[in-house]
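Atoms within a ligand are numbered from 1 in the order they appear, just like the ligands themselves. We count residues from 1, following the sequence as given.
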Amino acid sequence: MWKRAVCTKDCPDTCGLLVKVENGRITSVKGDPDHPYTRGFLCGKGARFPEHVHGAARLTTPLKRTGPKGSGAFAPISWDEALDEVAANIRRVADAYGPEAILPYTYAGHMGMVHRYAGHALFNKLGASRLDATICGPAATAGFKATLGKGPSTEIQEAAQSDLVVIWGNNTLVTNVHAWPHFLKARKNGARIIVIDPYRNATAREADAHLMLRPGTDAALALAVMHVLVTEDLVDHEFIAAQTIGFDRLKERVLDWPPARAAEICDLAEPDIVAFARAYGRARAPYIRTGWGPARQLAGGMAMRTISLLPALVNAFGKPGGGITRSLGGAPGKAPSLIREDLRPAGTRTVNMVHLGRALTELADPPVMLLYNYLSNPAAVAPQSAQVMAGLAREDLFTVVHELYMTDTARFADIILPGASFLEVGDIYRSYGHNHVQIARPVIDPVGDSRSTLDIFQDLARRLGFTEEVFSLSEAQCIERILDEADSPYLDGVDLDALRRGEPVRLNIPANPFAGGFDTPSGKVECFSQSMADQGLDPLPDGTPVRDPEGGEEYPLEYITPPHPMLLNSAFNEIETLRERIGGPKVLIHPATAAARGITQGMTVRVFNARGRNTARAEITEDTRPELLVAEGLHRVDGTPGQGSNQLTSQRLTDMGNTCAFHCNKVQVEPVG
Ligand SMILES: Nc1nc2c(c(=O)[nH]1)N[C@H]1C(S)=C(S)[C@@H](COP(=O)(O)OP(=O)(O)OC[C@H]3O[C@@H](n4cnc5c(=O)[nH]c(N)nc54)[C@H](O)[C@@H]3O)O[C@H]1N2
Ligand SMILES: Nc1nc2c(c(=O)[nH]1)N[C@H]1C(S)=C(S)[C@@H](COP(=O)(O)OP(=O)(O)OC[C@H]3O[C@@H](n4cnc5c(=O)[nH]c(N)nc54)[C@H](O)[C@@H]3O)O[C@H]1N2
Ligand SMILES: [Mo]
């Protein structure tokens, strides 16, 4: 029997799935051909879901630590023992240190709205430290918002009508694969595809042109493009007069950025920049797909703010097929009655999730004494992991982990609670890569003794004596609450019956939302941004690159850590056959850089800086730049000290959005042994 489901992974595509169930087990997963956007095809990871759910690595019973922290030694215990112990430790820590000594750590292991946010009410009620969920998108969002406003952007399908598709810092073929057919359709009708990325990623390999710029130099490039648009009069004067503010001041700034200046900063050929600018300025309907890459930089907000001015200068929004895509969908939001912000004591402190390392080792008044981790794997995904690991290794820290597998974080737990996978629960899924919403019902029963995130938190709430209504609502009631309290125009006129039947339903969001105006303070495109000035930032675009200040002469190379095609952040590492196929971490090194250090193809190398070190196999290739090392994916380290890509990243925050600058690291590399 085939049942409908929705992929829960943190990926823009949020695929419609069909799942084959035989004797209570999932035997096959394929794409749902009736999903209007994902149309029946899946990425290479999706087909692995049967192994993901039923594989030998799946945790099926609560576990209690029996060895030293991080040793991975555990013994099975009952749910009653496990939850009583968790509740007792919550009470102990709250009594001795105050509830802010409890830190929930959670992100996007499961994207459904019910289970993803199922712990919020409990932690609010406790008065635990609040987690600022900034690890991924806020810099991109903030930069884009400063120029074009918040809200959804151009629907990806629009690009099929474009004659110039620019993929700016997004590895579409790896991270957003369902966008690709629309770009190919455009190409079939004569469009060119241009990729702007520091390395020749899978998408750049398929593009018509690739601007292989230095990381962190996008604003300089965008300013030079604007220079050409302005000086060669390729701008749309009517649109600029009617729909933008501050253009005259922008123009002055732009004149400081001739292509030659950007060429130097970006290390691109000046004629290539000019040719790109002319192509963009002369296109009938230029379209830009921005990724998150340019924003994972210390000046990432500025980069996004500057890139998003380009469509305004040429009024791409007025041309069918033109526009710019960052994030889509976004409704329904969280239901207030499920989150219960009102229960949280006023003045409760907030901890930025990027700063987990510091929070566990330096934060005082009170120190973090209980870490409650679910739907996230911070030992692998959080920056500067030497400090994160040191924190997790504290014998006086009590750590609870909800997990499906023995991840690098779970190894450090005191108690592990086995989670039910997305195919064992029901939930409502919005997307950030298309404008559809969908409800999925459980496909099979929870595997082993595993339990859903909602179920675990409600049981814990009962043990803590919490009696608010939210702690007894069923999964189905929570879905209804989310719909009832959505308070979003995007749900107006949406067929809720179809939604409840499990069909993917399109939200009431226009394909070209910018045609209706801009959700900025001025209601126009902000070439000059007063809101940025108010934050102490340059109100005009600035192309001055900001690099890792801990570099110096010792660490002359750049290091970026973009997504791996066969992993989803750190997820899918649990599938052994997949790990074997991936063959461990690799680092791309330019031939000149390798030769200068005596590094040969396939050699084990150590990448290091003042923050940490990571070993990987050298892949010598001209797919990267001479000063740039590229390490795709977050690979499992299985307790090996000083290993993992995030050893090298820093907890410094971006200029806007307080995000992690994952792609802004200075390092050195040497052969091992
Ligand atoms: N297979 C797979 N798919 C995924 C994920 C995964 O891990 N694996 N992760 C998911 C998640 S959580 C997210 S948020 C999205 C992210 O999706 P993407 O936006 O595609 O990912 P990024 O890591 O932001 O990197 C995108 C590209 O930006 C480039 N880049 C890095 N620095 C710069 C820069 O300074 N300028 C420019 N122009 N480019 C730069 C990188 O080389 C990379 O090719 O993907 C999702 N999909
Ligand atoms: N160096 C570097 N670091 C990065 C990035 C990068 O590009 N480079 N990308 C960053 C980005 S964009 C993001 S979004 C973050 C992602 O950070 P996370 O959201 O922490 O990402 P995952 O690695 O997917 O970890 C999710 C965990 O949840 C578990 N899980 C999944 N479903 C369930 C469930 O139903 N129940 C339970 N109990 N557990 C479940 C999975 O097994 C997995 O271990 O990482 C960031 N870290
Ligand atoms: Mo992300």
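At the top of the distance list for atom 23 (O) of ligand 2, counting protein heavy atoms only, stands S570 OG, 2.4 Å. Scanning the protein for heavy atoms near atom 12 (S) of ligand 2, the closest one is R296 NH2, 3.3 Å. Looking only at protein heavy atoms, the nearest one to atom 25 (O) of ligand 2 is N377 N, 3.7 Å. Nearest protein heavy-atom neighbour of atom 18 (P) of ligand 2: S376 OG, 3.9 Å. Counting protein heavy atoms only, atom 19 (O) of ligand 2 is closest to A108 N, 3.0 Å. Here the heavy atom of the protein found nearest to atom 26 (C) of ligand 2 is G109 CA, 3.5 Å. The single protein non-hydrogen atom nearest to atom 15 (C) of ligand 2 is I135 CG2, 3.8 Å, given as residue, atom name and distance. When hydrogens are left out, the protein atom nearest atom 29 (C) of ligand 2 is E403 OE2, 3.3 Å; that is the closest non-hydrogen contact.
Any N or O atom pair closer than 3.5 Å counts here, and C11 shares no such pair with ligand 1. For P198, no nitrogen or oxygen atom sits less than 3.5 Å from a nitrogen or oxygen atom of ligand 1, counting backbone and side chain alike. Between R214 and ligand 1, no pair of N/O atoms sits closer than 3.5 Å. Ligand 1 has no N or O atom lying under 3.5 Å from any N or O atom of I560, backbone or side chain. Of the polar atoms of N170, at least one N or O is found under 3.5 Å from an N or O of ligand 1, judged by distance alone. Polar contact check, P12 against ligand 1: no nitrogen or oxygen pair lies under 3.5 Å apart. For the pair I196 and ligand 1, the shortest N or O to N or O distance falls below 3.5 Å.
Only the backbone of L568 comes within 4.0 Å of ligand 2, judged by heavy-atom distances. Here Y199 has side-chain heavy atoms under 4.0 Å from ligand 1, and that is the only part of it that gets that close.
Contact analysis leaves Y107 out of contact with ligand 1, as no non-hydrogen atom separation drops below 4.0 angstrom. Taking a 4.0 Å cut-off on heavy atoms, K9 fails to register as neighbouring ligand 1.
Every atom of ligand 1 with a heavy atom of W168 under 4.0 Å away is listed here by number and element: 38 (N). Contact atoms of ligand 2 toward D10: 14 (S) (distance under 4.0 Å to a heavy atom of the residue). Ligand 1 places these atoms under 4.0 Å from at least one heavy atom of N569: 6 (C), 7 (O), 9 (N), 12 (S). Of all atoms in ligand 1, listed by their number and element, those nearer than 4.0 Å to a heavy atom of L567 are 1 (N), 2 (C), 6 (C), 7 (O), 8 (N).
Atom 36 (N) of ligand 2 has its nearest heavy-atom neighbour, among I456, L375, T175, in L375. Closest heavy-atom approach to atom 45 (O) of ligand 2 within the set V381, T561, L417: this belongs to V381.
The aromatic rings of F457 and Y374 sit perpendicular, their planes meeting at an angle over 60°, well past the 30° parallel limit.
Without hydrogens or angle criteria, E574 side chain to Y405 main chain gives no donor-acceptor distance under 3.5 Å.
In terms of the salt bridge (Lys or Arg N to Asp or Glu O under 4.0 Å) criterion, residue partners of E51 (sequence neighbours excluded) are, by chain and number, R48.
Judged by a 6.0 Å distance limit and a 45° cone about the ring axis, R289 is not positioned over the six-membered ring of W168.
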